[in-house]
Asks: 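Dumping the structure here so I can ask a few things about it.
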Amino acid sequence: MPAEPQRLAPSAGGPITSQLGRRGPDYLQGLNEEQRDAVLTIDGPLLVLAGAGTGKTRVLTTRIAHILSTRKARGSEILAVTFTNKAAREMKERIASLVGSSVEGMPWLGTFHSIGARILRRHAELVDLKPAFTILDTDDQIRLIKQLLEAENIDEKRWPARQFAGMLDDWKNRGLLPRDVTPAESGFYANGKGAKLYADYQARLKTLNAADFGDLLLECIRLFRENPKVLEEYHQRFKYMLVDEYQDSNVAQYLWLRLLAQGRPANEANICVVGDDDQSIYGWRGAEVDNILRFEKDFPGAKVIRLERNYRSTANILAAASHLIAHNEGRLGKTLHTDVAEKGETVAVTSVWDSEEEARQIGEEIEQFQRQGETLNSMAILVRASFQMREFEERFITLGLNYRVIGGPRFYERKEIRDALAYFRLVAQPADDLAFERIVNTPKRGLGDSTLKILFDAARHQNVPLLSATRMLIETEELKSKQRTTLRDLVGQFDDWSERLRTIPHAELAEQILDESGYTAMWQNDKSADSPGRLENLKELVRSMEEFETMGGFLEHVALVMDRDSFEADDAVSIMTLHSAKGLEFNTVFLPGWEEGLFPHQRSLDESGRAGLEEERRLAYVGITRGRKRVRISLAQNRRIHGLWQSAIPSRFLDELPAEVVEVKDTGSSYGGYGYGGRTANRFQSVDPFESVYETPGWQRARAQQAQRKGSGPLTIEGELVARSVDLGPGSGYKVGDRVFHNKFGYGEIAALEGNKLTIDFQTGRKKVLDSFIRKA
DNA sequence: CCCCAAGATTTTTTT
DNA sequence: AATCTTGGGG
């Protein structure tokens, strides 16, 4: 956070400990009292509630520097977990600049998933894997599920693989093994086959010598539980534990941490968690804000430090953010304040005709700020959903404005990259059937469904990987001679490559593989417009491999990081989602698309009702607090969704901004503005917040299933209350079966409930209403 | 077995 | 609007 007024004096590298006298070591200079307290309180459990821009990362990194320089522990004895790769990278850099040396000495600083993978590889055999196991991404996962569905004769139309993948994710996030999943939860899917599918899926992963994202934590937990000695080893190793963004941790991560912390009595655990309940934006991924709320219960006597002094934003920006977030009920409550007397610019809210004009408008403003001497690097556009990015990109290309998309379409998700990776994966790990399937006939080798079927059958029959099955089949008469020859050549090539992996550098081998397999030629012969780009990407891929020591190391990076480090060299405007903006800051922040349905997102409201709305609001809070000097919000009156134009309603969040810091602008081309501050104040109260724009049968079915699945009480594991949803006020107080009265629909009976959102059977039919519209009959 | 054309479908956010 | 899927013909 370069904006903090107090800068770190780069440590001179000398024995800092000797300075621990009057004024303390250099790295403590410029910390405020609370920050210093958080850095120096090293022993025992500590919870740091750090609001946006209060120097959270600085505290964490300085704390590590402090532990190191007081020789309380070595780098290899500190476990420091973050949520994202970006955060991990930043921490590494900042520690390095504090301590002066490389961070190679901190092997256990990383994301939950990368550390989980690291631990699993060390003890792979104990969880039925081999150390070189493959980490599957979502795409592989879906393909695998599809195969299982087919094997079980389940109609994928009726029970989409995606849906099951979502369920799997949910279970794994909650730390549930197949045997822990109750029939109530899995039962509805595919007529009760849910739990069995989960078990089959796990078994299949073991055969493939593969783990999915969830397994990186879940299997770790199993490892620790089933092997106390292994766990003991880590208890010995980790003298200090630090966790960043604790509000984003899910149940599995919570259990994982708790196991690791069990080396000492709870009140003496050297665990420090840092978080901000107002920035919890990953509920959809299973994050439990309650983890942070119950920290003091888990670790009795934990010290709690609040960081409330904001070093980032102007008073006006803080006022806007605080006022907005105050509309949330489920929060611990912090008040950010700044010492700077100057209020700064007002927050601009601009209403435009459509998203095209929005892009044009923002483009103009950017150029204007640029003329005033602002760098493009200091500006960012933060969108709710990634489809919004395109319009900006198009506009900026015509303007010739440099931009950079962060977290956009992932490099490693491109088809050509995934194909190439499949080749590499198969060379590194011959049991990787998913990789095999992907590339047997890419480029086209004349191996179609019928041939593949033979391979599949043989593999399943003999219970061996596809590559081995192929190896055997080419010695028989079962295949047509043409296919047999093709496969023989292919298997021969793979043998060759595996051999060479031991002798030549992996990046060089990668190039050879792509050439010899005909993959490069395939794109060279392709005359579509994007094939040159694809070839360029392949080159880039090979180039980036050189940065890794081994093929395995590279593949691990690809699976876990999913994205290249973005080059920061050029001056460019950043375009990214609000989610990926967390932790960053910019002088100028543009927040487009503040319209009902988009932000707050309809889906969030549909799925999680009030809690979803609060999460959206936190997302808005995150967005606003990214700005240092200026925040500019905009909304379009018309937006195109799936090709259809829809007129949009201004976001309710606009009404939640304090009028005194907001300046409403309206471009000439719009009709009537949106009536901020009086003209049509509170016009949104009449809007049904749960009216969905998705009214396809499939969507409604999904929603119905969701309703069944959720609301099954607080989260418990092994009979113990692990986390419960934030109690949003007194609750509805209704239960299924209650008789109720509604002014418009009359008497009815509650069929289902989810938060304050009730499904009620009235005489006129089934309706969804909010509890505030009904009373007990 | 491959290719093309018509038809269906569209998950926000990410490790 | 754009992309993926599916089905029929070559």
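Just so it is clear: chains get the letters A, B, ... in the order the sequence lines come, proteins before strands, and each one is counted from 1.
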Asks: If the cut-off is 4.0 Å, is A:S604 near the phosphate of B:dT12, judged by side-chain N/O to OP1 or OP2?
Replies: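 False: A:S604 side-chain N/O out of range (4.0 Å or more) of B:dT12 OP1/OP2.
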
Asks: Among residues at least two apart in sequence or on other chains, which ones pass salt bridge (Lys or Arg N to Asp or Glu O under 4.0 Å) with A:D489?
Replies: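 Result, salt bridge (Lys or Arg N to Asp or Glu O under 4.0 Å) vs A:D489: none returned.
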
Asks: Between A:F396 and A:F392, what is the ring plane arrangement, given parallel below 30°, perpendicular above 60°, and tilted in between?
Replies: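 Taking A:F392 first and then A:F396, their aromatic rings sit tilted (interplane angle of 30° to 60°).
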
Asks: I'd like to know if A:R603 reaches the base of B:dT11 with its side chain, counting only an N/O donor and acceptor under 3.5 Å.
Replies: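 Result: at least one qualifying N/O pair found.
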
Asks: Is the distance from OP1 or OP2 of B:dT14 to the nearest side-chain N or O of A:T577 less than 4.0 Å?
Replies: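 A:T577 to B:dT14 OP1/OP2: side-chain N or O found under 4.0 Å.
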
Asks: In whole Å, what is the span from the CD atom of A:Q388 to the P atom of B:dT13?
Replies: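 Whole-Å distance recorded here is 10 Å.
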
Asks: With sugar-phosphate meaning primed atoms plus P, OP1 and OP2, does A:Y282 contact a base, only sugar-phosphate, or nothing at under 4.0 Å between heavy atoms?
Replies: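 It contacts sugar-phosphate atoms only.
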
Asks: NA contact type, A:F83, heavy-atom cut-off 4.0 Å: base, sugar-phosphate, or nothing?
Replies: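 Since only primed, P, OP1 and OP2 atoms lie under 4.0 Å of A:F83, the category is sugar-phosphate.
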
Asks: Mind calculating the distance between CG (A:L644) and C1' (B:dT9) to the nearest angstrom?
Replies: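 Between C1' of B:dT9 and CG of A:L644: 13 Å.
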
Asks: Can you pull every protein N or O that's under 3.5 Å from an N or O on nucleotides 2-4 of chain B?
Replies:
unit_1 : atom_1 : unit_2 : atom_2 : d
B:dC2  : OP1    : A:G446 : N      : 3.3

Asks: Which heavy atom of A:D137 sits nearest to which heavy atom of A:F213, and what is that distance?
Replies: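 Scanning both residues completely, I find the closest heavy atoms to be CA-CE1, 4.3 Å.
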
Asks: Is there aromatic stacking of A:H601 against B:dT12, centre distance under 5.5 Å, plane angle under 30°?
Replies: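 The base of B:dT12 is stacked with A:H601 (centres under 5.5 Å, planes under 30°).
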
Asks: Would you please classify the geometry between the A:W256 ring and the A:F224 ring as parallel, tilted or perpendicular, with 30° and 60° separating the classes?
Replies: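 It falls in the tilted class, 30° to 60°.
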
Asks: Roughly, in whole Å, what's the span from NZ in A:K146 to P in C:dC4?
Replies: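 My rounded result for the distance is 12 Å.
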
Asks: Ignoring backbone atoms, establish whether A:S114 has a side-chain N or O less than 4.0 Å from OP1 or OP2 of B:dT15.
Replies: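 The answer is no; no side-chain N or O of A:S114 sits under 4.0 Å from OP1 or OP2.
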
